Every structure is written in C-alpha cells, then in structure tokens.
Novice: 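Let me give you the structure first, and then I'll get to my questions.
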Amino acid sequence: MNFRQLEYVLEVDRCGSINKAAQVLFVSQPAVSSAVRELEAELGFPVFTRSSRGITTTMEGRKFITAARQIVSQLNEIRGGSQDAQREAPLVLRISSGRYSFLSAAVIRFYEQELRERSRFSLHINESGNADVVQDVFGRKADLGFIHVKNAQEEAWKKRLEARNMEHILLFRASSCVTFRKSHPLAKKESFSMEDIYAYPQVRTTSRMTEYCNYDMTQPFDGYERFDQNIYTNNRCTLYDVLSRTDAVFLGITARYVTEFHPDLVTVPICDGGSGWNLYCVRLKSMPPNPCAVRFIRVLQDLIQEEETLSFDSDFAES
C-alpha cells in the first residue's frame, strides 16, 4: 500500500468514476484501475463494485476510505510541517484562459481553500484567445489552459490537441447568450430575436489590436458579421464597463457567473442563431502533473457541479 494508491482511491470515491478521477489526476484510466485493483488485492476485499451503470463504494470500502482520508490528511500535515521548518516552498500555478467569469469564481474559491493560509504563492492568469491559450500550454508557459470549442468543431479540435501531445477534460457544455445592461431597451421585451440584437452596437473581444477577426480559430456566432457597429477590445474589464454604460450587446458562450460579478447586467439565452459550446481544460501530456493544478481542477469541477445542482433545483421549483 502506498500514498499514490490512497490518493487514487479517494479521488475515485469523490468523482464516482474511475474515468473522471483519471482526468482530474491527469493520469491514464488504466493506471488508476490498476492501482485500485492492486490495493483491493492487498486489502483482501473490494473497495468498489463495478457495473454497467458505474461504480459504487462497498460497505468495507466506505470504512477504508474514511481511514484513508485521515491518513492522507495526517501525511499532508507532516509534509506541511516539514516545509514550515525550512520555510514554506512557494506554490506556483500558471493558467492561460479565455475570458470566462466562471474561471474568476474558481480562482476566488481556490484562494479561499488553498492560498489564504499560505505565506508564499504565485498565481499567474493570462486571458487570451483559444489559439494563444493552446500555444501557452504547448510552450510550457502555462500549467493549465481553458478553451471553448463549438460543437460542430469538437472532433477537429481534439485531433489538433492530440497532434500537440495535449490532453483535455470536458468541463461543461453551454449555449450561446447575449449580455446587456438591465436598463437596455431589449430588457423591456418579453422576447426578441437575433434581428432585434443586430440593431445595437456589438462589443467583441480580440486577441491583438491588429486582428479584427475571429482570433481563436473557432467558427464564430452565426451572423457575427451582420453588426454594423462594433467595439473591439482585448480587455474583459473594458468589455463589461462598456456594457454597463451603453446600449451595446455582447454575444457570449456561457452565462455562468456573469451576473454574479456584474449585477447591473443581464444574460439571456439566444434562441435563434446561437451555438452550442464545449468548455475544456487542456494540459501537456509530457509534463508531470502539478499537484496545485490538480487541486485547482477539483475546485473548478466542484463549483460547476454546485451551480448545475442549484440550476436544476430552481428549474424544478418553477415547474
């Protein structure tokens, strides 16, 4: 029995899936399966039961996981005490990402859970387009990258990532939305179409000031170019400031956490002319897993799952 096996078993129990646990741990599924089987053979009883519907934790497994969690916690405390004795080693995490409010929410929670009590840490966040994000990860300038891919281009993007020896984790799927201020004329309408949206200026994000085009190599929204009035910026702060004070609109890929950070704005799903998107985390396969990056992914996945649960409960209550 070793520490790695304990970590793998705890992650499988948390995720409820060997495949999901492998993605979070940035290791192959066979590696996790093998570690779990070896541990079960040593224990003499199954920790999990497997079926076509997934895995469940056995009664004996539940008792073992409770004990394993205590062991891992104590070992981490010992490690932490050893670091404190010599001076705490700085925690470093580098992230390259599209401009997503849900990532800001994850950073805040990660700080509260992982960074607040640390005396030394460096968290680097760079926002850009998909192509630049992939290049940052490929060039080892970032430990993790976050990109959005249109449904129709999902397979092409996966092949592109594999060609660069990069792996991906699907975070969630989203539908296009339009964002504008609460006092916007569109807010007074019970419903509106893309034709109504075209009547207003559009704020668009760009990667570089010389590129007034689709910078991220992802096919844009249908009708993107039908806006006669366009405001281009590579800065998310400018984007939301303009939306808050003008009648401009912004076509986005997800509404997650936008209004939580900007309560003066409204996000509305686009019923016609919209697109379906897949949000991915990407990393370089050849790089050893950064423990800090693994913990950040866990925080982000927990955040997404909590919001989806709240959304489901709200929809259920309304129905």
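All figures in this text were calculated on a predicted structure; none of them were measured in a lab. The first residue of the sequence shown is numbered 1, and numbering continues consecutively from there.
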Novice: Please find the pair of heavy atoms, one from Leu279 and one from Ala174, that lie closest to each other, and give the distance.
Specialist: CD2-CB, 4.2 Å
Novice: Tell me every residue that passes side-chain contact (heavy atoms from CB on, under 4.5 Å) with Glu112, counting only those two or more places apart in sequence or in another chain.
Specialist: Arg116
Novice: Go through the steps for Leu123 and Val107 under the test side-chain contact (heavy atoms from CB on, under 4.5 Å), then give the verdict.
Specialist: CA-CA 9 Å; Leu123 179 59; Val107 168; 3.8 Å; yes
Novice: Which value, rounded to the nearest 0.5 Å, describes the distance between Leu239 atom CG and Ile231 atom CD1?
Specialist: 10.0 Å
Novice: Output, in order, the C-alpha distance, side-chain angles, deciding distance and verdict of ring-ring contact (aromatic ring centres under 6.0 Å, His included) for Phe180 and Phe250.
Specialist: CA-CA 7 Å; Phe180 46 79; Phe250 173 70; over 10 Å; no
Novice: Using a 4.5 Å cut-off on heavy atoms from C-beta on, say whether the side chain of Leu6 contacts that of Ile71.
Specialist: yes
Novice: List in chain and number order the residues that pass side chain to side chain donor-acceptor pair (under 3.5 Å) with Tyr280, two or more places apart in sequence or in another chain; answer none if no residue qualifies.
Specialist: Glu154
Novice: Using the test salt bridge (charged side-chain N to carboxylate O under 4.0 Å, His left out), find all partners of Glu42 that sit at least two apart in sequence or belong to another chain.
Specialist: none
Novice: For a quick test of reading the model, state the closest non-hydrogen atom pair linking Gly61 to Phe45 and the distance between them.
Specialist: N-CE1, 4.2 Å
Novice: To the nearest 0.5 Å, tell me how far Gln5 CD sits from Glu7 CD.
Specialist: 11.0 Å
Novice: Are the side chain of Ser34 and the backbone N or O of Pro30 linked by a donor-acceptor pair below 3.5 Å?
Specialist: no
Novice: Evaluate the side-chain proximity of Leu144 to Val137: yes if any heavy-atom separation is below 4.5 Å, no if none is.
Specialist: no
Novice: Residues two or more places apart in sequence or in another chain: which of them pass salt bridge (charged side-chain N to carboxylate O under 4.0 Å, His left out) with Arg62?
Specialist: Asp13
Novice: Between Ile169 and Gln301, is there a side-chain heavy-atom distance shorter than 4.5 Å?
Specialist: yes
Novice: Taking side chain to side chain donor-acceptor pair (under 3.5 Å) as the test, write out the residues that go with Gln113, two or more places apart.
Specialist: none
Novice: Taking the ring centre of each residue, are Tyr100 and Phe146 less than 6.0 Å apart?
Specialist: no
Novice: Do you know which two heavy atoms are closest between Tyr240 and Ser101, and how far apart they sit?
Specialist: OH-OG, 3.5 Å
Novice: Keeping the roles fixed (side chain from Glu40, backbone from Val47), state whether a donor-acceptor pair exists under 3.5 Å.
Specialist: yes
Novice: Quick one: ring pair (Phe, Tyr, Trp, His ring centres under 6.0 Å) pairs with a partner in residues 289-308, sequence neighbours left out?
Specialist: Phe110-Phe296
Novice: Can you tell me if Trp277 and Ser176 form a side-chain donor-acceptor pair at under 3.5 Å?
Specialist: yes
Novice: Restricting to salt bridge (charged side-chain N to carboxylate O under 4.0 Å, His left out), what partner residues turn up for Arg236, sequence neighbours left out?
Specialist: Glu127
Novice: Under 6.0 Å from the NZ atom of Lys285, do we count more than 12 heavy atoms belonging to anything else shown?
Specialist: yes
Novice: How long is the straight-line distance from CZ of Arg256 back to CZ of Phe261, given to the nearest 0.5 Å?
Specialist: 13.5 Å
Novice: Consider only side-chain heavy atoms of I, L, V, M, F, W and Y, link residues closer than 4.5 Å, and tell whether Ile108 and Leu91 are in one cluster.
Specialist: yes
Novice: Of all residues at least two apart in sequence or in a different chain, which pass the side chain to side chain donor-acceptor pair (under 3.5 Å) check with Thr56?
Specialist: Thr49
Novice: For Pro46, is there any backbone N or O sitting under 3.5 Å from a side-chain donor or acceptor partner on Thr58?
Specialist: yes
Novice: Please identify each residue that fulfils salt bridge (charged side-chain N to carboxylate O under 4.0 Å, His left out) with Arg295, with sequence neighbours left out.
Specialist: Glu114
Novice: Which heavy atom in Gly98 sits nearest to a heavy atom in Val133, and how many Å separate them?
Specialist: N-CG2, 4.0 Å
Novice: Starting at NZ of Lys150, measure out to CG of Asn130 and round the result to the nearest 0.5 Å.
Specialist: 13.0 Å
Novice: When clusters are formed by joining ILVMFWY residues with side-chain heavy atoms under 4.5 Å apart, either directly or through shared neighbours, do Leu284 and Val92 land in the same one?
Specialist: no
Novice: Enter the distance from Asp136:CG to Ser128:OG here, rounded to the nearest 0.5 Å.
Specialist: 7.0 Å
Novice: With a 3.5 Å distance limit and no angle check, can you tell me whether Arg204 reaches the backbone of Asn230 through a side-chain donor-acceptor pair?
Specialist: no
Novice: Between Glu307 and Arg109, does any side-chain N to carboxylate O distance fall below 4.0 Å?
Specialist: no
Novice: Give a yes or no on whether the backbone of Asp247 and the side-chain of His184 come within a donor-acceptor separation of less than 3.5 Å.
Specialist: yes
Novice: For side-chain contact (heavy atoms from CB on, under 4.5 Å), just list the numbers for Glu167 and Leu161, CA-CA rounded to whole Å, side-chain angles, deciding distance to a tenth of an Å, and then say yes or no.
Specialist: CA-CA 7 Å; Glu167 55 189 354; Leu161 294 173; over 6 Å; no
Novice: What about Phe102 and Phe172, are their ring centers closer than 6.0 Å?
Specialist: yes
Novice: Using the side-chain contact (heavy atoms from CB on, under 4.5 Å) criterion, which residues pair with Glu162? Sequence neighbours excluded.
Specialist: none
Novice: Would you indicate whether the side-chain heavy atoms of Val178 and Phe192 approach each other to under 4.5 Å?
Specialist: yes
Novice: Quick check: do Glu11 and Arg298 have side-chain heavy atoms less than 4.5 Å from each other?
Specialist: yes
Novice: Would a 4.5 Å heavy-atom cut-off, applied to side chains only, mark His148 and Asn278 as touching?
Specialist: no
Novice: Give every donor-acceptor pair under 3.5 Å between a side-chain atom in residues 262-270 and any protein atom, sequence neighbours left out.
Specialist:
{"from": "Asp264", "atom 1": "OD2", "to": "Ser244", "atom 2": "OG", "distance (Å)": "2.6"}

Novice: Answer yes or no: is there a donor N or O on one side and an acceptor on the other, between the side chain of Asp143 and the main chain of Arg94, under 3.5 Å?
Specialist: yes
Novice: side-chain contact (heavy atoms from CB on, under 4.5 Å) between Glu155 and Arg160: does it pass, once the steps are laid out?
Specialist: CA-CA 9 Å; Glu155 293 307 315; Arg160 190 175 300 166; over 6 Å; no
Novice: Determine whether Arg226 and Ile197 satisfy the following criterion, side-chain contact (heavy atoms from CB on, under 4.5 Å), listing intermediate values before the conclusion.
Specialist: CA-CA 10 Å; Arg226 289 190 56 185; Ile197 298 174; over 6 Å; no
Novice: Can you sort out the partners of Asp302 under side chain to side chain donor-acceptor pair (under 3.5 Å), two or more places apart, ordered by chain and number?
Specialist: Arg14
Novice: Should the pair Arg164 and Phe138 be classed as cation-pi, given the thresholds of under 6.0 Å to the six-membered ring centre and 45° from the axis?
Specialist: yes
Novice: Is there a side-chain contact between Ile95 and Asn126, using heavy atoms and a 4.5 Å cut-off?
Specialist: no
Novice: Kindly compute the distance separating CG (Asn2) from CG (Leu39), expressed to the nearest 0.5 Å.
Specialist: 8.5 Å
Novice: So, for Ser97 and Leu103, which heavy atoms are closest and what is the spacing to 0.1 Å?
Specialist: OG-CD2, 3.2 Å
Novice: Where is the tightest heavy-atom contact between Ala255 and Cys177, given as atom of each residue plus distance?
Specialist: N-SG, 3.8 Å
Novice: Is there a donor-acceptor contact under 3.5 Å from the side chain of Arg173 to the main chain of Asn151?
Specialist: no
Novice: Could you tell me whether the side chain of Val12 reaches within less than 4.5 Å of the side chain of Ile55, counting heavy atoms only?
Specialist: yes
